[in-house]
Amino acid sequence: MPFPGGLWWLLCCRQGFTLLRRDYGEADREADGEAEEEEEASFELRAQGDQGSLEVSLSQPTRSSSGSERSLLVAEEMRSLIVEKGPEPVEDDPDALIKGWLQREVRGGVKTPWIRPRKYWFVLTPDSLDYYSSNEKGARRLGSLVLTSLCSVLWPDKQTYKETGYWSVTVFGRKHCYRLYTERLKEAVRWVCAVQKVIDSKAPVQTPTQLLMRDVEEHCGSPEVLEQIYRCNPILRYTSSPLYAPLLPFPYGSLDQSAPGPRSYTTLRDEAVKLFNSLQQLESERDPVPLMQGVLQTCLDLPPLVDEIYCQLVKQTTEPPAPGGQGDLHYWQLLTCMSCTFLPSPPVLRFLRFHLDRTESRFPTSEMAKYACFIREALGKTKGRECVPSLEEILVLMRRQEMICTVHCPGAPACSVAISSHTTAQEVAQELVSRLGLSQSPNLFALYEQSRRREHPVGSATLLADVLTRFENLAGEEREQDPPCRLCFKHYGFLDTDNVPRESLEFALLFEQAHEMVLRGYVPTSEETLQTLAALRLQSLNSDFSTHAPFPRLEELFPPHVLHARLPAPRHRPPAKCRGARLRAGLLAGGLWGQALAKQRAERDQRLRGRLREEGASTMAAILEKWKLLQGMGRPEAMAAYVALVREWPGFGSTLFDVDVRAVRHRGCGIGGGSPGSLPLCDPPMSPQSPVGAARQRLWLGIGAKAVSLYKPGEPEPLDSFCYGRISSFGASDSSTFHISVEDRDLLFETSQVEEIAQLLNTYLTSAATRQPALSPEPAPSPAASDPSVPPRGLCPAAGPWQQQPPVGSFHSQPGAQCGHAGCS
């Protein structure tokens with residue numbers, strides 16, 4: 001009897017959906033297909049409790065293994081992970097922890113209208129998550145997800161509920177994941193907690209690679225056993241086949257897959273397999289440097305992959321087909337870069353050291369042995385990097401050489417310093433202090449990182465290799481006319497500027513740094529004095545006036561902000577109050593009136609530029625006239641006169657920071673107690689004559705060797721000044737707020753230079769402690785001998801803990817301690 005047409009259509013659709021599930025690997029399967037699911041389970045996982053002797057006959061985890069042997073191995077493993085269930089009634093399962101109806105997502109997703117979520121009866125046991133066709137006795141089990149310690153579960157997502165109307169529960173397994181849905185949030189949370197509890201109760205699993213690493217470590221003294229382990233286990237040796245599973249265990253469906261920034265990643269397991277494919281490309285790459293940097297960047301973004309890459313590199317450098325060939329050396333070169341960037345975990349580190357020793361003993365005079373020796377030394381120095389090696393550093397590491405770093409010294413030729421991947425800024429600064437003859441100077445020096453946007457000191461413990469990598473990254477982002485980033489060697493702490501010899505190199509550094517302060521507007525003085533300083537600068541550069549002398553640009557002699565201050569301020573029209581007026585203004589601005597307004601703005605800008613050129617020409621003429629009056633003055637005299645004029649400002653020697661005064665609170669808030677012209681002692685009430693009102697105000701925070709001062713920008717006299725003996729505590733409240741407690745006042749500042757302020761304050765305090773005379777009549781020991789934390793003479797102290805986490809630094813003045821500052825009597 002032929003089937004009706006509607007029945008034929010239904011059978012064809014059912015068969016088509018079955019083919020779709022088969023082609024796309026859907027986890028739905030019938031009870032008689034459970035062997036296929038068991039075959040896809042993780043064959044490389046082993047329970048940690050299995051302490052029996054390891055059979056050294058494990059096969060390489062590739063698709064080329066025998067299907068019957070692999071099925072047998074998986075079947076034995078699955079029986080150790082989960083208890084076999086027969087067709088007993090569902091309701092009579094004694095191992096069920098939680099059961100209930102849930103909807104499972106079918107291929108196509110919830111949003112697709114032609115396939116709806118299907119409802120199944122789910123049962124959670126201590127070993128697996130099973131689902132059945134119904135809750136009746138004798139119902140068939142349609143699928144099972146084995147739960148191990150590597151599984152993970154996602155909590156219900158509110159965004160999914162808004163889009164679909166269901167609360168989702170996602171359970172990740174090795175090959176598949178179950179996306180379950182329910183209409184009640186309480187039920188979803190109950191399932192998530194129960195599944196997570198089962199996952200947490202599982203013993204950690206280990207891969208064959210981990211077990212073999214332990215075996216190698218246990219039998220490192222038996223060469224015969226080791227050779228048998230390497231001979232019988234291809235997973236430890238080089239392979240030209242792709243890898244279909246990572247060598248180390250990673251969570252299924254890791255919740256922390258994505259790295260910050262523009263890069264996007266999949267699961268850790270997938271990224272580990274992709275990285276092995278990238279490693280295999282190294283063998284035939286003519287220029288492997290970009291590929292190496294990409295692998296290093298992935299490891300930096302995903303730290304759990306560091307151990308995996310180390311294991312993969314050890315595997316590929318063990319018994320390669322052509323030892324010492326180009327492909328093999330590329331692996332060793334990447335291993336060299338890894339050793340200078342990342343430090344593996346202790347088990348992997350021990351395995352790596354054994355591999356290096358084994359390579360050196362088997363190939364003592366080869367290039368591989370030289371790389372192994374270099375890697376062993378690098379592992380003893382590596383402590384972690386902020387950036388991956390630059391392209392230049394990778395090229396240098398491939399040759400096992402050192403980099404050449406250029407450090408610019410204002411007023412002196414640039415210095416070239418040989419550095420490695422582990423050289424810190426303090427080591428380079430110490431070498432420059434010794435090379436330039438500044439060891440006896442009482443002042444402090446440091447390296448500065450200069451870019452178009454800012455200049456800031458480099459932390460003492462900062463690796464210069466990371467700084468050079470940042471320079472390389474910024475070079476690709478900046479425009480052609482922007483000056484390149486560079487390192488400079490400059491004064492960091494001015495402890496004694498009066499006794500610097502004029503003929504010394506330090507005085508030239510002091511002169512150049514004073515000129516930088518003038519150009520930035522950090523020396524408040526009259527315009528006449530600024531023109532005199534510019535003339536002295538020309539005299540120091542070109543000697544006597546000459547029309548043929550090279551002439552620098554005006555902005556290199558005179559502060560540009562002074563010229564801009566002469567221009568008239570633009571007039572702003574008050575905004576229209578009426579809505580109709582604003583609407584008419586908007587309509588007119590979009591038509592012909594808008595073109596006329598744009599033309600007027602262009603004409604106004606052109607007039608302002610013309611006015612600025614006129615002001616610049618007049619200022620240059622005045623500077624030239626003053627330059628002619630310096631006829632016969634030598635370069636040392638011009639520099640000395642320049643520094644003497646700048647030193648007339650009382651704040652000379654202080655490092656100025658732009659801050660916004662957020663609050664000035666008085667503990668107890670008693671009225672009075674402040675000196676005339678000083679900052680107010682409390683927020684409410686606040687005097688009308690106070691420089692700091694209710695609104696925030698931009699000020700200069702000057703950090704000097706003897707005192708901390710507050711200046712109004714452009715004013716030569718400080719608003720308030722207090723020596724370190726009056727400061728009870730200071731520190732960073734958060735990443736952008738710095739507080740200083742002065743006797744009965746708490747000052748809060750907003751600034752982007754919190755770490756630099758804290759570091760400089762601690763530097764001056766450390767220097768003051770080392771210069772303080774001992775109270776006992778016995779001779780005081782040298783700072784280096786008494787305290788190992790005291791830095792060498794002429795260097796800023798090592799970076800404190802505030803560079804990692806903004807702390808609250810505090811110190812207390814000793815009774816009877818004398819400051820020596822004029823305002824602290």
Side-chain angles (χ1 to χ4, degrees), residues 21 25-31 33-42 45 47 74 77-107 110 117-136 139-157 160 166-205 251-255 267 269:
R21 287 200 304 270
E26 180 63 29
D28 293 329
R29 56 179 173 84
E30 303 298 330
E34 292 180 4
E36 181 181 354
E37 179 70 19
E38 293 177 356
E39 181 181 352
E40 291 182 349
S42 177
L45 299 179
V74 171
E77 177 183 347
M78 295 299 296
R79 280 195 292 272
S80 66
L81 291 177
I82 181 171
V83 179
E84 294 291 340
K85 295 184 177 68
E88 67 269 8
V90 178
E91 295 292 346
D92 297 339
D93 190 351
D95 296 333
L97 301 177
I98 182 176
K99 58 185 70 174
W101 289 100
L102 293 174
Q103 299 192 61
R104 184 184 175 209
E105 175 185 322
V106 186
R107 175 60 58 182
V110 177
R118 299 180 62 181
K119 205 168 187 179
Y120 299 99
W121 180 256
F122 280 84
V123 178
L124 177 65
T125 68
D127 296 309
S128 64
L129 178 62
D130 309 324
Y131 68 97
Y132 299 81
S133 58
S134 67
N135 61 343
E136 299 177 354
R140 293 182 305 171
R141 185 176 57 170
L142 303 179
S144 179
L145 183 66
V146 179
L147 296 177
T148 66
S149 61
L150 299 181
C151 296
S152 59
V153 57
L154 285 182
W155 279 79
D157 185 12
T160 304
Y166 293 96
W167 295 101
S168 64
V169 176
T170 306
V171 184
F172 290 97
R174 178 179 178 268
K175 276 292 185 179
H176 309 290
C177 68
Y178 284 0
R179 293 182 173 88
L180 313 177
Y181 299 90
T182 179
E183 296 179 354
R184 296 190 297 272
L185 175 62
K186 185 176 180 180
E187 184 179 5
V189 172
R190 184 167 66 99
W191 277 94
V192 168
C193 295
V195 173
Q196 188 63 53
K197 187 176 181 180
V198 172
I199 295 174
D200 295 339
S201 66
K202 296 298 179 181
V205 293
Y252 307 136
S254 175
L255 307 182
T267 63
R269 298 176 62 85

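Every heavy atom of this structure was used, including side-chain atoms; hydrogens, water molecules and symmetry mates were not.
With contacts defined as side-chain heavy-atom distances shorter than 4.5 Å, the pair Leu124/Leu147 qualifies. Looking at heavy atoms from C-beta onward, Trp121 lies out of side-chain contact with Ser134 at the 4.5 angstrom threshold. At a threshold of 4.5 Å between non-hydrogen side-chain atoms, the residues Val123 and Tyr132 count as touching. By the 4.5 Å heavy-atom criterion applied to side chains, Val189 and Trp167 are not counted as neighbours. Between Asp127 and Lys202 the shortest side-chain heavy-atom distance falls below 4.5 Å. For the pair Val153/Phe172, no side-chain contact is recorded, criterion being any heavy-atom separation below 4.5 Å from C-beta on. Annotation: side chain of Lys197 is not in contact with side chain of Leu97 (no heavy-atom distance under 4.5 Å). No side-chain heavy atom of Thr160 sits under 4.5 Å from any side-chain heavy atom of Tyr166.
Side-chain contact check for Arg269 and Tyr252: no donor-acceptor pair (N or O, by modelled atom type) lies under 3.5 Å. In the model, Ser168 has no side-chain atom that pairs as donor or acceptor with a side-chain atom of Asp157 under 3.5 Å. The closest side-chain donor-acceptor pair between Asp130 and Ser128 falls under 3.5 angstrom. For the residue pair Arg118 and Tyr120, a side-chain donor N or O sits within less than 3.5 Å of a side-chain acceptor on the partner.
Under the side chain to side chain donor-acceptor pair (under 3.5 Å) criterion, Gln196 pairs with Asp200, not counting sequence neighbours. Residues meeting the ring-ring contact (aromatic ring centres under 6.0 Å, His included) test with Trp155, sequence neighbours left out: none.
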Given the rule in the side-chain contact (heavy atoms from CB on, under 4.5 Å) test, do Leu145 and Val171 qualify, once you have shown the distances and angles that lead to the verdict?
-> CA-CA 9 Å; Leu145 183 66; Val171 184; 3.6 Å; yes
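Both the sub-6.0 Å distance and the 45° axial angle are satisfied by Arg104 relative to the ring of Tyr178.
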